[in-house]
There are 2 protein chains.
Amino acid sequence: MGINAVFEALSHPVRRKVLALLKIGPMSAGELAEHFDLTRPTLSVHFAKLREADLVAVERQGTSLIYHLNTSVLEQALADVLSLREEK
Amino acid sequence: MGINAVFEALSHPVRRKVLALLKIGPMSAGELAEHFDLTRPTLSVHFAKLREADLVAVERQGTSLIYHLNTSVLEQALADVLSLREEK
DNA sequence: ACTCTAATTAGACAAAGAACTAATTAGAAA
DNA sequence: TTTCTAATTAGTTCTTTGTCTAATTAGAGT
């Protein structure tokens with residue numbers, strides 16, 4: 001599942017932009033949403049795919065959910081493509 | 001156009017496997033097809049997406065089409081993700 | 001307990017993706 | 001020019017994805 005989920009997640013521009021924003025620093029779902037012209041539910045589904053790929057982690061802070069980038073997973077995936085080897 | 005097509009192309013396991021095979025060396029469409037359990041037309045569509053992303057180039061040799069990996073485009077795309085910057 | 005805010009999940013639907021078979025193009029060889 | 005082989009394009013069908021609105025969950029404050 002791992003690598004497939006990662007590349008599936010990376011395939012959408014919105015999700016790549018989310019990752020780029022999180023590169024700057026952790027951010028709540030709401031803050032992230034302000035950078036897009038999409039409804040929150042739609043964004044929420046994108047977040048779910050990023051979580052599924054383990055590209056981001058989430059942490060509750062009061063009523064907000066703070067997302068942060070899981071740098072190592074991203075770098076691992078890219079290293080895999082560089083060597084162009086499939087799967088685990 | 002570039003980056004979206006590249007990530008779209010990378011999002012399917014079959015296409016990543018094609019790239020991995022081409023990493024070894026140039027190969028005809030037919031030779032590539034032998035490594036998969038899919039019909040040639042189906043593979044042909046996958047090849048088209050890789051061409052569209054400029055991840056591979058193709059060259060006719062008699063009646064065969066020889067595909068080869070466009071290494072620089074692939075590496076550029078990965079470098080872009082590493083720095084997580086969008087677009088050109 | 002009620003209410004407010006933050007976010008997700010559920011349900012619906014149009015658009016895109018991936019697979020197949022059948023038809024077409026392109027080159028080589030008889 | 002007919003025929004054979006290699007590969008692609010066309011057309012169809014089924015599944016998945018992306019988006020929306022409406023409903024739900026979770027925490028904080030009153």
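For clarity, every value in this text was computed on a predicted model and none was experimentally measured. Order of the sequence lines fixes the chain letters, A, B, ..., with proteins taken first and strands second; residue numbering starts at 1 for each chain.
Phosphate contact (OP1/OP2 of C/dA18, side-chain N/O of B/Arg15, threshold under 4.0 Å): present. Between B/Thr39 and the phosphate of C/dC20, there is a side-chain N or O to OP1/OP2 separation shorter than 4.0 Å. In terms of phosphate contacts, B/His46 brings a side-chain nitrogen or oxygen within less than 4.0 Å of OP1 or OP2 of C/dA19.
Across all their heavy atoms, B/Tyr67 and B/Ala29 have their closest contact at CE1-CB, 4.0 Å. Among all heavy-atom pairs drawn from B/Leu22 and B/Val56, the shortest one is CD1-CG1, 3.6 Å. Shown here for A/Lys17 and A/His35, the closest heavy-atom pair between the two residues is NZ-O, 3.3 Å.
With the nearest nucleotide of DNA chain D identified for both A/Thr63 and A/Arg40, A/Arg40 has the one nearer the 5' end. Nearer the 5' end of DNA chain D, as judged by each residue's closest nucleotide, is the contact made by B/Val45, out of A/Gly62 and B/Val45.
Interatomic distance, CG of A/Leu32 versus CZ of A/Arg40, reported as 10.0 Å (0.5 Å rounding).
In this structure, B/Leu65 atom CG and C/dT24 atom P are separated by 20 Å, rounded to whole Å. Rounded to an integer number of Å, the gap from A/Arg16 CZ to D/dG18 C1' is 15 Å. When the C1' atom of C/dT9 is taken as reference, atom NZ of A/Lys49 falls 15 Å away, rounded to whole Å.
Nearest to the side chain of A/Ser44, among C/dT9, D/dT19, D/dT8, sits C/dT9. When each of D/dT17, C/dT8, D/dT8 is scored by its nearest atom to the side-chain atoms of A/Glu8, the top-ranked nucleotide is D/dT17.
Across all strands shown, B/Tyr67 has heavy atoms under 4.0 Å from sugar-phosphate atoms exclusively, and none from any base. A/Ser64 comes within 4.0 angstrom of the backbone, heavy atoms only, and of no base.
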